[in-house]
Amino acid sequence: MASMLLAGGYRSFAAPAARALGITREVLNKHRNKHAAIWHCRSSYNSNTALAAETETSRIVAGNTTVASSSSSNRHSYRSQESTFPKYDRLLPCPSQKTTPRIEHLVVSKGGLVLEYICEALDLPPLFVADLIRFGAVYYALVCPQPPPTATEEEIRIFRRVTDPLVLRKRDSVKGKTLREAQKTFRVTNGDQFVEEGTYLRVHVHPKRFPRCYEIDWRSRIIAVEESYVVLDKPAGISVGGTTDNIEESCATFATRALGLTTPLMTTHQIDNCTEGCVVLAKTKEFCSIFHGKIRVSDKKVRKLYLALTASPLPTGIITHYMRPIRMAPRLISEDFIKGWHRCQLEVIDCRKVPWPTTNIQDKYCVEDCGWPSQDYAYECTINLLTGKTHQIRAQFAACKAPLIGDSMYMAAAIAEMTNPGLNPFGKYNKDFSSECERETAVINWIAQYGKEPSVAIGLQAYQISWDDGEHSYKAGSPWWRCATA
């Protein structure tokens, strides 16, 4: 993801976007001179695509746009009716169209309220910025983080200027802190929070959205309500506790509202967004800590059973792999022991043949057709998860040539290896490499075979969770592939 510091303090695609909203060049030029450097980072293939998406989003969300006034007094009247920004209907309800991911990095040039500063720096409506803060999509740090390796000389110059020891010594807020401590990011939780000159801001302008939140009858998904915790039958396609840029559209938030609780539920463990099934949410910090402890202990006081719908059969018994210790998808695994890699174990208790889901069923549950060559039959496996690594079942089953139905990330790699045996440098046919460079190239080529993360559902359900030797035990409802055929 490219990163760019603009010495003029304005993002590169602002002018054309503003013209689309009826804002004059004179207003933009006056506005530009008010801001310090913006460290701009945007995830997009090209600026035209991002601009088109942003402009279209503005049309959809804003509705009837208003022409901006060139009056400087109006530009600072954020709560006045004579706003220079388009009419805005907030982030809710969730837009039907996806927006291009966009992240803005700023260094504050003049102290003030964080909401007002972001509005000015990025030409965003105040209500929109307020919603971004509510979504948890705005972060700050006292001191700007280290620029990426791809940073230009200008970017490095600006970083050095705002982190110069002589400059930092004048800031009371960083006294007594190491540079690493001062560069730690925190969520902005209030638009009236004051940010001083030199503060770093990261704004996720287009947070990842979860429209399925609004389609679910959340009260019907509650399995149990106890004094200190709640058990939820999590729907696929929704985060358990939120993402980096969206804590609003999460299972914890919507379950809290469905139960009418005044204190937000807290996450005790995670399952993938695309996985459905049992999730334990804590009512109290004390239970949250206790449950975390139960999960971490080596004797596995918490037992998790999963149902998986796979493209090929698997033998019953324990399957062992070793996972690369890099917290980034896709998770690479090896059949052989590699020093420093994490051991992954699961037990296939049962595996039975079932019909492959029909096209109508897959469409209903937004399950992706990942191109598996034979789609006559699928296989439902019952799994005892012995170690709980991220993407463990998905990665291990794909390595066994039995990827989960709908898993666009791992099934793509499984198909690639079936077509070209030996492509996986950590698989059965791995070879000795003549140099470290050759090995790294093979790993890069292998990672390139993986697809994107599934958008909604895959063939995986956290079927049952229990702890304290079964004293507490809960089961989810029927998985989507059974409900569809019932």
> Val280 and Phe291: side chain to side chain contact (heavy atoms under 4.5 Å, CB included), yes or no, with the steps?
Replying inline: CA-CA 9 Å; Val280 179; Phe291 200 81; 4.0 Å; yes

> Passes side chain to side chain contact (heavy atoms under 4.5 Å, CB included), Tyr117 versus Ser109? Steps please.
Replying inline: CA-CA 9 Å; Tyr117 188 87; Ser109 61; 3.4 Å; yes

> Does the pair Leu346 and Phe397 meet the rule for a side chain to side chain contact (heavy atoms under 4.5 Å, CB included), with working shown?
Replying inline: CA-CA 10 Å; Leu346 57 81; Phe397 275 34; 3.8 Å; yes

> What do the steps show when you test His321 against Glu335 for side chain to side chain contact (heavy atoms under 4.5 Å, CB included), and what is the final call?
Replying inline: CA-CA 5 Å; His321 288 91; Glu335 295 184 11; 4.0 Å; yes

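Between Arg161 and Arg157, some side-chain heavy-atom pair lies under the 4.5 Å cut-off. When side chains are defined from C-beta on, Thr185 counts as touching Tyr200, because their heavy atoms get closer than 4.5 Å. Side chains of Pro454 and Asp407 form a contact here, defined as non-hydrogen atoms less than 4.5 Å apart. When side chains are defined from C-beta on, Leu132 counts as touching Leu91, because their heavy atoms get closer than 4.5 Å. Contact check for Phe433 versus Val443: no side-chain heavy atoms found under the 4.5 Å cut-off. Annotation: side chain of Thr441 is in contact with side chain of Asn445 (closest heavy-atom distance under 4.5 Å). Between Thr320 and Arg343, the closest side-chain pair of non-hydrogen atoms falls below 4.5 Å.
Shown here for Cys119 and Pro126, the closest heavy-atom pair between the two residues is SG-CA, 3.5 Å. For the pair Ala182 and Val174, the tightest heavy-atom approach, listed with the atom from each and the gap, is CB-CG1, 4.2 Å. In terms of heavy atoms, Gly427 sits closest to Glu417 at CA-OE2, 4.3 Å. Considering all non-hydrogen atoms of both residues, Val367 and Gly406 come closest at CG1-CA, 3.7 Å. In plain terms, the two heavy atoms of Phe426 and Ile338 that are nearest each other are CD2-CD1, 4.1 Å. For the residue pair Gln396 and Ile319, the shortest heavy atom distance occurs at NE2-O, 3.3 Å.
A salt bridge between Arg257 and Glu248 is present, with a side-chain N of the basic residue lying under 4.0 Å from a carboxylate O of the acidic one. A salt bridge does not link Lys110 with Glu120: none of the charged nitrogens is closer than 4.0 Å to a carboxylate oxygen. Ion pair Glu453/Arg394 flagged as a salt bridge, since at least one NZ, NE, NH1 or NH2 atom sits closer than 4.0 Å to an Asp/Glu carboxylate oxygen.
For the atom pair NZ (Lys389) and CZ (Arg324), the distance works out to 15.0 Å, reported to the nearest 0.5 Å. The distance from atom NE2 of His269 to atom CD1 of Ile295, rounded to the nearest 0.5 Å, is 5.5 Å. In this structure, CD1 in Ile458 is found 10.5 Å from CE in Met409, a value given to the nearest 0.5 Å. Distance check: Leu265 CG to Thr256 OG1 gives 3.5 Å after rounding to the nearest 0.5 Å. In this structure, Ile118 CD1 and Leu106 CG are separated by 7.0 Å, a value rounded to the nearest 0.5 Å. Note that CG of Leu460 and CG of Leu404 are 5.5 Å apart. Values are rounded to the nearest 0.5 Å.
A donor-acceptor distance shorter than 3.5 angstrom exists from the side chain of His292 to the backbone of Thr268, with no hydrogens or angles considered. Between the Lys234 side chain and the Asn273 main chain, a donor and an acceptor come within less than 3.5 Å of each other. A donor-acceptor distance shorter than 3.5 angstrom exists from the side chain of Thr419 to the backbone of Ile415, with no hydrogens or angles considered. Here the side chain of Gln392 pairs a donor or acceptor atom with the backbone of Gln345 at under 3.5 angstrom. Remark: side-chain polar atoms of Trp218 are paired, donor with acceptor, to backbone N or O of Cys213 under 3.5 angstrom. In this structure, Ser239 contributes its side chain and Ile247 its backbone to no donor-acceptor pair below 3.5 Å. A donor-acceptor pair under 3.5 Å is absent between the side-chain atoms of Asp245 and the main chain of His204, judged by distance alone. No donor-acceptor pair under 3.5 Å is formed between the side chain of Glu440 and the backbone N or O of Cys437. In this structure a side-chain-to-backbone donor-acceptor pair under 3.5 Å is present from Asn246 to Glu249. Between the side chain of Glu181 and the backbone N or O of Lys177, no donor-acceptor pair lies under 3.5 Å.
Ring geometry for Tyr322 versus Phe337: interplanar angle over 60°, hence perpendicular rather than tilted (30 to 60°).
The list of side chain to side chain donor-acceptor pair (under 3.5 Å) pairs with a residue in residues 274-290, not counting sequence neighbours, is empty.
Here Tyr410 and Tyr450 bring their ring centres to under 6.0 angstrom of each other.
Tested against Asp172 for a salt bridge (charged side-chain N to carboxylate O under 4.0 Å, His left out), the candidates Lys170, Arg169, Lys175 yield a single pass: Lys175. Applying side chain to side chain contact (heavy atoms under 4.5 Å, CB included) to Leu142 and the options Gln183, Arg171, Lys184 leaves one that passes, Arg171.
Within the cation-pi definition used here (under 6.0 Å to the ring centroid, within 45° of the axis), Arg212 does not qualify as a partner of Phe210.
The side chain to side chain contact (heavy atoms under 4.5 Å, CB included) check on Asn190 picks up Asp192, with sequence neighbours excluded.
Around the CD atom of Glu436, the shell of radius 6.0 Å holds more than 12 heavy atoms that belong to other residues, nucleotides or ligands. Annotation: Arg187, atom CZ; neighbour count of heavy atoms from other residues, nucleotides and ligands within 6.0 Å is above 12.
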